[in-house]
Amino acid sequence: MAKYFTGIGELIRRLNAESKLLSAVFENRKRIEFTLADAWAYVDSEKNLQLLIDYGILHLEEGVIELDETYMRFFEDVLQINEDISQRTVEECVQQLQEIIELYLKERNYPDKQVTYLRKARRTLRYIAQLAVRNVIDLKRNVNDTYRNEVNYEVKRLRLEKFKQQTIDIAHLVRDTEQLLDSEDSTFRVLSPDEHFMHITIDARTQLKEAYYNLIDLQKNYPRLSASSGITTSSCQENQASQIS
C-alpha cells in the first residue's frame, strides 16, 4: 500500500534510515540494472527497504531497483553533478536494445530465454526514454546557468558551443530511437504482443517526443546555430515544431 509523508522531518528520517542504499543506487544510476541482490550489501533493515518502496522513493520491478525520477532529479540538481551530458550512454543503450532484440529472435525455440530478453528490452527502453529526458533537463539547466553566471565572453562562447553540439547529438539519438520504434521493417515489432512492453513503448514514445521538442525549443538559445547544422523535424512533425520554434 502506498504511503505518504506528513512532513519534511519524516522524509529526512526515512532517507537517513537507508542512506547507504540510496547512495549506492544513486551512484549506480547509469547502470541498466541495480538488482535487489546488489541492494542487500547496503541494506541495514529489510523493513526500511520496504518502506522506501512503499513511500515511492525506490521502485522494485522484476528484481531491479530504481530511484524515483523525482528524487533522482533533486539529488542531481542539488549536487550539480550532471554538467557532462551522457549522450554516449543513450547511444550505447540503443545499441544494446538492438542486440537484445536479435538475441530474442535467435531463441525462438526457448520461450524461457525469450522471457528473460523481453524483460531486459522493457527495462532498456524505459531507461533510454528516462535518460533522454534527464539529459535535456540537465542541458537546459547548464545553458541557463552559463547565460546567467558566466561573465567571461570567450568562456561563455566556448561553453555554449559545447552545449550546442550536445543539443544536436542528443536530438539525433532521440530521433534514431523513435525511428527504431516506428520502422515497419524493424524486428522491434516482434515484441509488441507483450502488453507490458506495449505500455512501456507508448510511454517511451511520449517521453522521446517531449524531449525532442524541448531540444528544438532549446535551439533558440544558440544564436549562431545555422539551419544546416541544427535540429530538423520530419514532415509529420513540422506543423507541431513550427509552433514551438
Kindly indicate whether the side chain of [X], heavy atoms from C-beta on, has any atom under 4.5 Å from the side chain of [Y].
{"X": "Y127", "Y": "L97", "answer": "no"}
{"X": "L131", "Y": "I128", "answer": "no"}
{"X": "V94", "Y": "L173", "answer": "no"}
{"X": "T35", "Y": "I65", "answer": "no"}
{"X": "F74", "Y": "T70", "answer": "no"}
{"X": "D68", "Y": "L58", "answer": "no"}
{"X": "D203", "Y": "R126", "answer": "no"}
{"X": "L105", "Y": "R108", "answer": "yes"}

For the student: nearest non-hydrogen atoms of [X] and [Y], plus distance:
{"X": "E178", "Y": "R205", "answer": "OE2-O, 4.4 Å"}
{"X": "N48", "Y": "A17", "answer": "ND2-CB, 3.9 Å"}
{"X": "R14", "Y": "F5", "answer": "CB-CE2, 3.7 Å"}
{"X": "E18", "Y": "V43", "answer": "OE1-CA, 3.6 Å"}

Exercise. Applying side chain to side chain donor-acceptor pair (under 3.5 Å) between R159 and each of T146, N142, D145, report the one that passes.
Key: T146
Within 6.0 Å of [atom1] in [X], more than 12 heavy atoms from elsewhere:
{"X": "K106", "atom1": "NZ", "answer": "no"}
{"X": "Q95", "atom1": "CD", "answer": "yes"}
{"X": "Y42", "atom1": "OH", "answer": "no"}

Practice problem: Please step through side chain to side chain contact (heavy atoms under 4.5 Å, CB included) for the pair Q114 and L118, ending with a clear verdict. | Solution: CA-CA 6 Å; Q114 282 195 319; L118 183 59; over 6 Å; no
Quiz item: Got a second to check how far F163's CZ is from L158's CG, nearest 0.5 Å?
Solution: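 F163 CZ to L158 CG: 11.0 Å, rounded to 0.5 Å.
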Quiz item: Just how far is it from atom CD of E66 to atom CE of M72, taken to the nearest 0.5 Å?
Solution: 8.0 Å
Practice problem: Quick one: do L103 and I100 satisfy side chain to side chain contact (heavy atoms under 4.5 Å, CB included)? Show the steps, please. | Solution: CA-CA 5 Å; L103 291 171; I100 290 171; 5.6 Å; no
Practice problem: Report yes or no: does N16 contribute a side-chain atom to a donor-acceptor pair with the main-chain N or O of R13 at less than 3.5 Å? | Solution: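 It does not hold such a pair.
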Exercise. Mind running side chain to side chain contact (heavy atoms under 4.5 Å, CB included) on L36 and W40 for me, showing each step along the way?
Key: CA-CA 7 Å; L36 185 59; W40 292 128; 3.8 Å; yes
Quiz item: Salt-bridged, K3 to E10, with N to O below 4.0 Å?
Solution: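 Looking at E10 together with K3, the answer is no, because their closest N to O distance does not fall below 4.0 Å.
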Quiz item: Could you go step by step and tell me if L208 and R175 meet the side chain to side chain contact (heavy atoms under 4.5 Å, CB included) rule?
Solution: CA-CA 8 Å; L208 290 170; R175 294 301 296 132; over 6 Å; no
Quiz item: Is there a path of hydrophobic side-chain contacts, each under 4.5 Å between heavy atoms of I, L, V, M, F, W or Y residues, that connects Y4 with L51?
Solution: no
Quiz item: Do L49 and L15 share a hydrophobic cluster, counting only Ile, Leu, Val, Met, Phe, Trp and Tyr and linking them when any side-chain heavy atoms are less than 4.5 Å apart?
Solution: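 Yes: a chain of side-chain contacts under 4.5 Å links L49 to L15.
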Please list, one pair per line, the donor and acceptor atoms closer than 3.5 Å that link side chains of residues 19-26 to other protein atoms, with sequence neighbours excluded.
residue: K20; atom: NZ; partner: D44; partner atom: OD1; Å: 3.2
residue: S23; atom: OG; partner: S19; partner atom: O; Å: 2.8

